[in-house]
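To start, the structure itself, in structure tokens.
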Amino acid sequence: MLAQTSPQNTLPTSTSDAVASATPIPHPVEQISVIGTRRPFTQAADTAALFRDVPGFSSYKTGGIASLPVLNGMADDRVATFVDGMPLMADCPNHMNPALSQISLDEVAHSVAIAGITPVSLGGDSTGGTISVERKDPQFAKEGKVLITGDGREDWRSNGGGSGAGGSLTIANDMLSLRYSGSYTHASDYTAGGRGGRVLSSNYLSFNHDVTAGLKLKNHLFSLTFGQQNTPYEGFPNQYMDETNNRSTFVNGKYLGTFNWGTLEARGYWQHVTHAMNMLADKGGHSATTGMPMNSDGRTAGYSLVATLPLGRSHQLKLGSAFSHDGLNDWWPPLEGSMMMGPEAFHSLNHAHRDHLGHFIQWDAQWSPRWSSELGMRSDVIMMNTGTVSPYQGLSSMSDMGMNMGGSMMGMGGMAGMDMSNMGMSGMSMGSTNQEAARAFNKARRGRTDDNFDVTALLRYKANAYLNIEGGYARKTRSPNLYERYGWSRESMTARMINWFGDGNGYVGNLNLKPEVANTASVTFRLHDAADHQWEAMVQPFYTYTHNYINVVRIGALSRGFNLLQFENHNAQSYGINASGRATLWDGDKWGTGEISTQLNWVKGQDFKTHSGLYQQMPLNGSIRLHEHFGPWHGMAEIVLVKAKHTVDWVRNEPRTPGYALLNLGAGYHWSKYLQLDVSLDNLLNQRYALPLGGRAVSTAGSPPGPVLGMGRSVNLTLREHF
């Protein structure tokens with residue numbers, strides 16, 4: 001399944017040449033595309049909102065700008081996510097800075113989401129699919145002209161007092177181009193629907209800046225982007241910690257060239273991320289003597305090469321090579337005056353690295369006007385290692401002194417649910433447990449190399465003017481991430497700090513994890529009118545069997561209904577159906593154009609060892625949306641329907657959530673191509689509902705605490721300008 005964004009709810013851009021026009025792919029193979037994704041009616045802070053209409057897509061709602069993507073029930077690291085060709089990982093044990101959080105929605109010009117059967121040319125080391133977003137290509141003036149163009153955006157959201165702004169300015173001639181883009185987004189804690197009250201730790205503030213230079217020489221095009229993102233703070237309702245600073249700096253170069261033999265695309269990139277976690281005011285705040293500082297430092301560098309060669313008029317061959325290095329240090333500085341969190345730093349990952357070298361070959365063929373195929377093979381080598389680690393020494397010294405710190409945690413003032421009595425661990429057990437775990441980890445052989453192999457086969461058939469069919473099989477492989485393999489702490493407090501699932505449990509890594517191998521089969525039926533303009537419907541059943549699926553087992557019980565879990569390979573399956581459709585209801589001068597669109601998604605997963613559901617699978621859900629366009633006016637009415645969630649992962653004590661229905665409205669007006677105003681009313685009836693994939697609100701009361709509540713009624717305004 002493949003979906004791409006469509007430029008809806010955006011002002012027209014310049015008609016000058018762009019990079020993409022310089023490198024056409026010869027004789028492209030027809031692909032069946034489902035209904036294109038739509039940009040949010042009004043500006044969204046979270047870039048993942050781009051894919052909300054893609055069949056099979058959902059997301060873990062974590063921080064306000066940091067949702068984790070899910071495709072067909074496969075989440076986070078199981079989805080290869082690229083930003084401008086960079087395969088970015090989260091440099092955080094709680095995945096607070098995932099790839100899509102590192103680019104503003106303003107800057108995304110092209111985006112693709114592919115679930116299940118992913119072409120090998122779009123990356124490996126993933127079992128769920130691929131998501132790729134790209135900034136706008138450099139723009140150039142016509143020969144002998146100078147181009148000055150730009151755009152701006154301002155937005156406001158009533159719930160949480162959210163606001164944001166962004167813009168870009170391009171100056172170019174027919175050979176050189178220079179563009180600056182910048183944006184910011186901010187919000188305070190939002191209010192849940194009904195009488196849900198304020199959702200603690202849902203505030204955020206983030207800034208983005210980047211400069212892109214472009215050079216065009218006949219059939220050759222170069223671009224270089226330098227950028228920086230700064231997030232001074234971001235709250236997380238389902239985590240014990242918050243993000244108290246995140247700064248990423250990157251350089252990304254791209255070359256596109258057309259030759260007699262075909263086309264070549266080359267990229268090179270480098271990124272440095274400094275990340276800090278602690279507690280914001282909702283969780284008690286932090287100072288030199290209170291809180292729990294946690295720092296990480298990540299570096300990513302790599303290249304990719306893709307050559308496209310036409311083989312006659314109806315065949316095409318793609319060859320590619322890519323390498324990426326991800327290095328990560330994760331250490332927790334000692335807390336001033338603390339007897340437990342000190343006197344030396346806690347080293348969670350010490351000069352860890354995950355290097356990925358991949359090569360692929362892909363053959364696209366158009367056998368006849370009705371039949372086409374795609375066959376690809378890919379080899380990936382994943383090399384991982386980390387240095388020796390160390391716990392807080394203060395825990396060990398207290399253990400030796402026979403001190404029991406079962407009361408409040410010194411230096412941790414104000415952190416709800418994180419005192420020693422709630423954690424159910426004494427200073428003695430904490431010290432001895434982590435000292436023993438660190439010694440065992442340091443003695444073990446930690447280097448690992450995985451040789452992974454992927455294959456994808458697709459067959460497409462155009463049955464008649466009304467029906468297209470696509471079916472295929474994919475073998476996709478994913479190696480563990482750094483924390484799945486190297487998370488070594490077995491003590492309650494520190495193990496709970498490694499948790500990107502938002503469920504309140506503590507997680508322990510496993511050096512003996514094997515790569516998971518997903519075997520997926522799916523078929524897509526697409527019905528449409530002969531002209532492919534008035535109506536279409538898509539139905540896609542799929543099935544995935546995953547060998548060595550990385551799941552968890554319980555190795556201890558914690559307080560408040562939580563558990564200490566260790567990653568372990570199991571076998572699992574997931575299956576479901578995605579469906580979507582649209583139809584033009586009316587089209588004329590008197591009433592304008594009206595269109596209705598629908599979407600339905602259902603997935604179910606099962607672990608064959610624990611016989612539980614797979615964690616955070618979205619229940620049956622769908623939407624019905626009516627669009628109206630009449631001259632400069634446009635409007636929208638939408639109903640979002642989500643069934644109650646009953647199938648859960650009992651191993652993690654995953655919460656069940658009730659079903660709900662939301663009503664959203666929107667309207668907008670544009671003045672020529674220069675100015676556009678959009679207004680939306682989200683959750684118009686102020687429905688109270690729990691997020692099925694939102695995890696538990698760990699800062700609130702309860703044993704265990706309840707699920708995170710969704711946002712209540714909000715009035716949103718977005719004003720866009722273009723010149």
Side-chain angles (χ1 to χ4, degrees), residues 60-63 66-68 75-76 90 92-96 192 196 199-202 234-243 277-280 282-284 291-292 294 332 348 408-409 412 414-425 430 433 483-484 487 489-509 551-567 610 612-617 645 648-657 690-710:
Y60 291 7
K61 297 294 184 182
T62 54
S67 294
L68 302 176
D76 198 10
C92 170
N94 295 321
H95 289 195
M96 291 182 176
V199 176
L200 300 177
S201 304
S202 56
E234 184 176 5
F236 287 79
N238 61 1
Q239 297 287 355
Y240 297 110
M241 310 299 289
D242 297 308
E243 187 176 81
M277 292 191 295
N278 215 312
M279 287 164 278
L280 296 176
D282 289 347
K283 296 188 175 84
M292 185 176 181
M294 300 173 64
W332 309 350
S348 180
S408 63
M409 184 181 297
M412 290 286 290
M415 186 174 182
M418 283 292 288
D419 59 69
M420 292 293 290
S421 58
N422 281 340
M423 300 296 274
M425 300 287 286
M430 289 172 64
T433 299
Y483 291 100
E484 287 170 331
S489 172
R490 290 174 175 264
E491 170 272 314
S492 173
M493 180 190 76
T494 49
R496 292 192 198 208
M497 299 299 100
I498 298 177
N499 182 328
W500 53 93
F501 307 98
D503 59 10
N505 296 304
Y507 284 83
V508 181
N551 211 334
V552 295
V553 292
R554 292 181 180 177
I555 59 173
L558 307 177
S559 61
R560 302 185 73 196
F562 296 125
N563 295 284
L564 188 63
L565 308 172
Q566 184 171 32
F567 294 107
T610 63
S612 70
L614 297 184
Y615 186 63
Q616 286 186 319
Q617 303 275 293
K645 183 173 184 176
V648 297
D649 184 352
W650 63 265
V651 179
R652 308 186 202 220
N653 284 345
E654 181 181 7
R656 291 177 169 85
T657 56
L691 296 170
L693 305 187
R696 294 189 181 272
V698 296
S699 295
T700 61
S703 296
V708 177
L709 298 179

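Count residues from 1 along the sequence.
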Audit row: L280, E243, side-chain contact (heavy atoms from CB on, under 4.5 Å) steps and yes/no = CA-CA 8 Å; L280 296 176; E243 187 176 81; over 6 Å; no

Donor-acceptor under 3.5 Å ([X] side chain, [Y] main chain):
{"X": "Y240", "Y": "G504", "answer": "yes"}
{"X": "R490", "Y": "A495", "answer": "no"}
{"X": "E484", "Y": "G509", "answer": "no"}
{"X": "N563", "Y": "A557", "answer": "no"}
{"X": "D503", "Y": "G695", "answer": "no"}

How many angstroms lie between atom [atom1] of [X] and atom [atom2] of [Y], to the nearest 0.5 angstrom?
{"X": "N94", "Y": "Y507", "atom1": "CG", "atom2": "OH", "value": "11.0 Å"}
{"X": "N499", "Y": "L565", "atom1": "CG", "atom2": "CG", "value": "8.5 Å"}
{"X": "L68", "Y": "L693", "atom1": "CG", "atom2": "CG", "value": "10.0 Å"}
{"X": "T62", "Y": "H95", "atom1": "OG1", "atom2": "NE2", "value": "11.0 Å"}
{"X": "F236", "Y": "S699", "atom1": "CZ", "atom2": "OG", "value": "12.5 Å"}
{"X": "R496", "Y": "Q239", "atom1": "CZ", "atom2": "CD", "value": "12.0 Å"}

Can you find a pair of side-chain heavy atoms, one from [X] and one from [Y], that are under 4.5 Å apart?
{"X": "N238", "Y": "R696", "result": "no"}
{"X": "S348", "Y": "I498", "result": "yes"}
{"X": "L709", "Y": "L691", "result": "no"}
{"X": "M277", "Y": "P93", "result": "yes"}
{"X": "K61", "Y": "S67", "result": "yes"}
{"X": "L558", "Y": "L564", "result": "yes"}
{"X": "M96", "Y": "M241", "result": "yes"}
{"X": "T494", "Y": "W332", "result": "yes"}

Between [X] and [Y], which heavy-atom pair has the shortest distance, and what is it?
{"X": "N278", "Y": "G291", "value": "OD1-CA, 3.5 Å"}
{"X": "P655", "Y": "V648", "value": "O-CG1, 3.7 Å"}
{"X": "G196", "Y": "A192", "value": "CA-CB, 3.9 Å"}
{"X": "V708", "Y": "G694", "value": "CG2-O, 3.4 Å"}
{"X": "G502", "Y": "Y615", "value": "C-OH, 4.5 Å"}

key: Side-chain ion pair, E654 and K645, N-O less than 4.0 Å   = yes

request  = For the residue pair W500 and Y483, categorise the inter-ring angle as parallel (less than 30°), tilted (30 to 60°) or perpendicular (more than 60°).
outcome  = tilted

inquiry  = If we count only N and O atoms by modelled type, under 3.5 Å, do the side chains of R554 and N653 hold a donor and an acceptor together?
reply    = yes

query = Do N551 and R652 have side-chain N/O donor and acceptor atoms under 3.5 Å apart?
reply = yes

task = Pick out which of M279, E234, K283 makes a side-chain contact (heavy atoms from CB on, under 4.5 Å) with S201.
result = K283

note = Applying ring pair (Phe, Tyr, Trp, His ring centres under 6.0 Å) to Y60 and not counting sequence neighbours gives none

key: Partner residues of Q617 under the side-chain contact (heavy atoms from CB on, under 4.5 Å) criterion, sequence neighbours left out   = V603, L614

